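Here's the structure, in structure tokens; my notes come after.
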Amino acid sequence: MKKWSVLFAITLLAVTSAKADAESIAGRIGITGQLGFATVATSNYSRDFVASNSLSDEKLSSGSTFAGGGGLILGLTRNVAIEAGALYLAPRDYKNAGVKALEIENVDVSLGLQLRNNVSEDIAAYLGGGVDVLLSSVKDFSGNKGKADTVVGGHVNVGGDYFVSRHIALNLDLRGLIFPDVDLKSGGTTVAEYDPISFVGLVGVRFFLN
């Protein structure tokens, strides 16, 4: 046990004592892992579904949920980088009048561009945006699967990387996911209009390979 403790201490010292270098992302490839939360917009039952079921409230409300994912980043220049990734939004309940009506989960696949500014030797801030594809899975309150179309949208994000060493950076990312409404269908009939617009907050680690 003592040997492992000494090895861990030596490794930690080597990583943290190495020179941090936010300037060196140009021409480098990094792997990113992130965890956080997502807050989603309110959705609605379709008008036909509301009318046929004599509902007094068409709104479908949900709270925050777990979000996590990862991807790759490639530095093109000192101030420009390309980032590709996938983000998972965990299943969350949508309630109508306080009663569970639907459960939805998503995978967001994105390709974007970052404009980076090296604030200091070890901190880089960025503003980004790109194209996203949203895959959705939906179940009703009984657990029966419905159908949700795949849609194309985009994202805008701001964040920063704090380099603890040349190869390791701690990451903070705040982003908005913007998509058109998605028709949720059951038996070929549209029962709800899902609004996938979301705010996502993430923290993570980037590991640069070169």
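Computed from a predicted model, the values in this text were never measured in an experiment. The residues of the chain are indexed from 1 along the displayed sequence.
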What's the shortest heavy-atom distance between [X] and [Y], and which atoms?
X	Y	value
P91	T65	O-OG1, 3.8 Å
V40	S62	CG2-CB, 3.9 Å
G112	H155	CA-CE1, 4.2 Å
P196	D181	CD-CA, 4.2 Å
L202	A67	CD2-O, 4.0 Å
A41	Y94	O-CE2, 4.1 Å

Strictly distance-based, threshold 3.5 Å: is any side-chain N or O of [X] a donor or acceptor partner for the main-chain N or O of [Y]?
X	Y	result
N117	A124	no
D173	G204	no
R92	S64	no
D149	D183	no
S43	D195	yes
N171	V203	no

Determine, using the 4.5 Å side-chain heavy-atom cutoff (strictly less than), whether V200 and Y88 are members of one ILVMFWY cluster.
-> no
Examine V151 and V138 and state if one hydrophobic cluster contains both, with Ile, Leu, Val, Met, Phe, Trp and Tyr joined whenever side-chain heavy atoms are less than 4.5 Å apart.
->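 Cluster IDs for V151 and V138 match.
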Test side-chain contact (heavy atoms from CB on, under 4.5 Å) applied to D132 and I178, L177, L87, the passing residue | L177
For the [atom1] atom of [X] and the [atom2] atom of [Y], what is their distance to the nearest 0.5 Å?
X	Y	atom1	atom2	answer
L74	I29	CG	CD1	5.5 Å
L134	I197	CG	CD1	11.5 Å
K95	L60	NZ	CG	12.5 Å
S165	D122	OG	CG	11.0 Å

Using the side chain to side chain contact (heavy atoms under 4.5 Å, CB included) rule, take Y194 and I104 through it: C-alpha gap first, then chi angles, then the decisive distance, then the call.
-> CA-CA 9 Å; Y194 165 50; I104 299 175; 3.8 Å; yes
Partners of K100 by side chain to side chain contact (heavy atoms under 4.5 Å, CB included), sequence neighbours excluded?
->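 In terms of side chain to side chain contact (heavy atoms under 4.5 Å, CB included), with neighbours along the sequence ignored, K100 is linked to D93, E103.
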Flag the pair [X] / [Y] as yes when at least one side-chain heavy-atom distance between them is below 4.5 Å, and no otherwise.
X	Y	answer
F179	N106	no
I31	L72	yes
V131	V152	yes
L113	I82	yes
L174	F199	yes
I73	Q114	yes
V80	L115	yes
L184	K147	no

Side-chain donor-acceptor pair under 3.5 Å between Y126 and N157, yes or no?
-> no
Pair N79, T77: side-chain N/O donor-acceptor within cut-off below 3.5 Å = no
Begin from the C-alpha positions of F66 and L35 and carry the test side chain to side chain contact (heavy atoms under 4.5 Å, CB included) through to its verdict.
-> CA-CA 8 Å; F66 166 81; L35 297 173; 3.5 Å; yes
With respect to R206, which candidate in H167, Q34, E83 satisfies the side-chain hydrogen bond (donor to acceptor under 3.5 Å, both in side chains) definition?
->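 That would be E83; it is the only one of H167, Q34, E83 passing the side-chain hydrogen bond (donor to acceptor under 3.5 Å, both in side chains) with R206.
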Mutual orientation of the aromatic rings belonging to F208 and F163 [parallel < 30°, tilted 30-60°, perpendicular > 60°] = parallel
